[in-house]
A.B. asks: 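Handing you a structure now.
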Protein chains: 2
Amino acid sequence: MSEVILAEGLQNPEEQVLKRENLTEKDFKKIIRQMGLKVTQQRLVILETLAEGRVHVTAQEVFEIVNDKFPEMGFATVYRFLRKLTENNFVTEVRMGGLPARYELTPKRHHDHLTCVQCGKIVEFENQEIEKLQEQVAKKFGFELTNHVLELYGKCRDCQLNSKRKEA
Amino acid sequence: MSEVILAEGLQNPEEQVLKRENLTEKDFKKIIRQMGLKVTQQRLVILETLAEGRVHVTAQEVFEIVNDKFPEMGFATVYRFLRKLTENNFVTEVRMGGLPARYELTPKRHHDHLTCVQCGKIVEFENQEIEKLQEQVAKKFGFELTNHVLELYGKCRDCQLNSKRKEA
DNA sequence: AATTAATTGAAAATTATTCTCAATTAGTTT
DNA sequence: AAACTAATTGAGAATAATTTTCAATTAATT
């Protein structure tokens, strides 16, 4: 089961390490084959990294982590495979401003994102009230809701402090 | 094909050249001064272009359009000014995938979109309650909210009926 | 084991955007 | 209106993220 840890007052989401999926090599192979691709060591390691590692990682970060376990890995392979995974919806890509894209294994449980416009930090949240209101809006216009994208953008606490420090 | 239902008698942004705002040089100067900047020919021409031209233009497109009226304009000036306008919220930046950012003069009235996944029909809506809840979420995580994207996807009434007709 | 088509790493290429810097210009002061 | 000064400019170099190229390697098939 996917377990989303929503720490109240979590200060530094960059550092949170969580295991959201409990996937084995068998699952990874299945995912790769479902996309009509060949099973390779590098693809398995990338998936392993996504499943076990920090949540919203950039391609560069995946490359660096993966490079430890598998030093002959090239970053082009990481980019290529992340793109494929995104196209097939196994991975969700979050983009903000000109900052590097961040990736996560598509969670089974829905959540939305709160992204820092300055440093790209991402906080996940769930809000049942908002979900309900969305349903109401859809109903009002005669729509049967299938999905939605809600991305909030703002300045995180750290970046707010940094700005003030510079001003002084 | 795709039908856009717009609250205030606006036309389809994709197809028509529309004047969302009816702004004069006086307004442009005011905008520039409000940002604490000097009024220059290039800034006026850029604003004019944004106000009169197509909606959702890229920086390159702005540069090309502007270049006709004002050939000595450099693209760095366009980028620089668009950034300033965005920072000051006179312009809204929309980013999609790795594609170049698109810009539009920030509409006076904020709205979100409800899109039919079958026929592409778009309904614009406003919901103050959702907005408020978004603020609350941001606050809870220590963020200072700057903007957001909310896109609802579903099946519109017509398409629901069409599906049922086919099934029968 | 032989075959072949996909995959890989390394480096080059590309794309969007930002930065640098000397020359110009807007707005102010005289 | 001329002088002043700090902001703005254009051109091109620089940067950063991502994609492409291509020859060598490897997974899956025969």
Side-chain angles (χ1 to χ4, degrees), chain A residues 25-26 28-47 49 56-88 91 93-103 115 117-120, chain B residues 25-26 28-47 49 56-64 66-88 91 93-103:
Chain A
E25 190 164 302
K26 229 168 224 167
F28 300 148
K29 287 185 177 171
K30 203 169 150 190
I31 287 173
I32 296 169
R33 294 213 178 92
Q34 270 184 56
M35 297 192 283
L37 301 175
K38 288 183 177 176
V39 173
T40 65
Q41 268 313 300
Q42 16 292 73
R43 284 173 177 165
L44 288 174
V45 177
I46 290 169
L47 278 176
T49 302
H56 300 102
V57 280
T58 63
Q60 263 307 315
E61 285 164 0
V62 173
F63 170 67
E64 277 155 28
I65 298 163
V66 152
N67 215 44
D68 285 344
K69 307 184 201 172
F70 201 104
E72 44 299 302
M73 167 92 61
F75 64 86
T77 303
V78 175
Y79 273 102
R80 269 188 295 237
F81 191 43
L82 282 175
R83 188 153 27 114
K84 270 271 183 282
L85 285 166
T86 302
E87 280 165 15
N88 288 274
V91 152
E93 190 190 55
V94 183
R95 282 185 185 258
M96 203 1 244
L99 300 168
R102 291 177 174 273
Y103 300 88
T115 304
V117 293
Q118 209 144 97
C119 69
Chain B
E25 191 163 303
K26 229 168 221 164
F28 300 148
K29 289 185 176 171
K30 203 169 151 190
I31 287 173
I32 297 169
R33 294 210 177 93
Q34 271 185 57
M35 296 190 284
L37 301 175
K38 288 183 178 177
V39 173
T40 65
Q41 267 315 299
Q42 16 293 73
R43 284 172 178 165
L44 288 173
V45 178
I46 290 169
L47 278 176
T49 302
H56 303 120
V57 277
T58 63
Q60 264 306 317
E61 285 165 358
V62 173
F63 171 67
E64 278 155 27
V66 152
N67 216 43
D68 285 344
K69 307 184 201 173
F70 202 104
E72 46 295 306
M73 167 93 59
F75 65 87
T77 303
V78 175
Y79 273 102
R80 268 187 299 237
F81 192 43
L82 283 174
R83 183 149 35 110
K84 269 272 183 281
L85 286 166
T86 303
E87 278 166 20
N88 288 275
V91 152
E93 192 189 54
V94 182
R95 283 182 184 261
M96 254 292 283
L99 300 169
R102 291 180 172 272
Y103 301 88

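Letters go in sequence order (proteins before strands), and every chain restarts at 1.
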A.B. asks: If I compare all heavy atoms of Thr86(A) with all of Leu82(A), which pair ends up nearest, and what's the gap?
C.D. replies: OG1-O, 2.7 Å
A.B. asks: Write out a two-atom table: protein N or O, nucleotide N or O from nucleotides 16-18 of chain C, distance below 3.5 Å.
C.D. replies:
residue, atom, partner, partner atom, Å
dT17(C), OP1, Ala101(B), N, 3.1
dT17(C), OP2, Tyr79(B), OH, 3.0

A.B. asks: Taking salt bridge (charged side-chain N to carboxylate O under 4.0 Å, His left out) as the test, write out the residues that go with Arg95(A), two or more places apart.
C.D. replies: Glu93(A)
A.B. asks: Would you mind reporting whether Leu85(B) and Ile31(B) have side-chain heavy atoms less than 4.5 Å apart?
C.D. replies: yes
A.B. asks: Any heavy-atom pair between the side chains of Ile32(B) and Thr40(B) that's under 4.5 Å?
C.D. replies: no
A.B. asks: For Phe70(A) and dT7(C), what is the distance between atoms CZ and P respectively, to the nearest whole Å?
C.D. replies: 15 Å
A.B. asks: Let me know the distance between NZ of Lys84(A) and P of dT20(D), rounded to the nearest Å.
C.D. replies: 11 Å
A.B. asks: Could you tell me the separation between the CG atom of Leu85(A) and the P atom of dT7(C), rounded to a whole number of Å?
C.D. replies: 12 Å
A.B. asks: If every non-hydrogen atom of Val57(B) is compared with every non-hydrogen atom of Val62(B), which pair is closest and at what distance?
C.D. replies: CG2-CG2, 3.5 Å
A.B. asks: In whole Å, I'd like the distance from the CZ atom of Phe81(B) to the P atom of dT9(D).
C.D. replies: 8 Å
A.B. asks: Restricting to salt bridge (charged side-chain N to carboxylate O under 4.0 Å, His left out), what partner residues turn up for Glu64(B), sequence neighbours left out?
C.D. replies: none
A.B. asks: Output the rounded distance in Å from CZ (Phe63(A)) to C1' (dA16(D)).
C.D. replies: 16 Å
A.B. asks: Can you measure Met73(B) atom CE to dT9(D) atom C1' for me and round it to whole angstrom units?
C.D. replies: 10 Å
A.B. asks: Can you pull the salt bridge (charged side-chain N to carboxylate O under 4.0 Å, His left out) pairs that have at least one residue in residues 30-39 of chain B, sequence neighbours excluded?
C.D. replies: none
A.B. asks: In whole angstrom, give the distance that lies between atom CD of Gln41(B) and atom C1' of dT8(D).
C.D. replies: 13 Å
A.B. asks: Return the value, rounded to whole Å, for the distance between atom CD of Glu72(A) and atom C1' of dT7(C).
C.D. replies: 14 Å
A.B. asks: Quick one: side chains of residues 65-74 of chain A, donor-acceptor pairs under 3.5 Å with protein atoms, not counting sequence neighbours, listed by atom name and distance.
C.D. replies:
residue, atom, partner, partner atom, Å
Lys69(A), NZ, Glu48(A), OE2, 3.4
Lys69(A), NZ, Thr49(A), OG1, 3.4

A.B. asks: Atom pairs, N/O to N/O, protein against nucleotides 27-30 of chain C, distance under 3.5 Å?
C.D. replies:
residue, atom, partner, partner atom, Å
dG27(C), OP1, Val39(B), N, 2.9

A.B. asks: Can you name the nearest heavy-atom pair linking Phe81(A) to Arg43(A), along with the distance?
C.D. replies: CE2-O, 3.5 Å
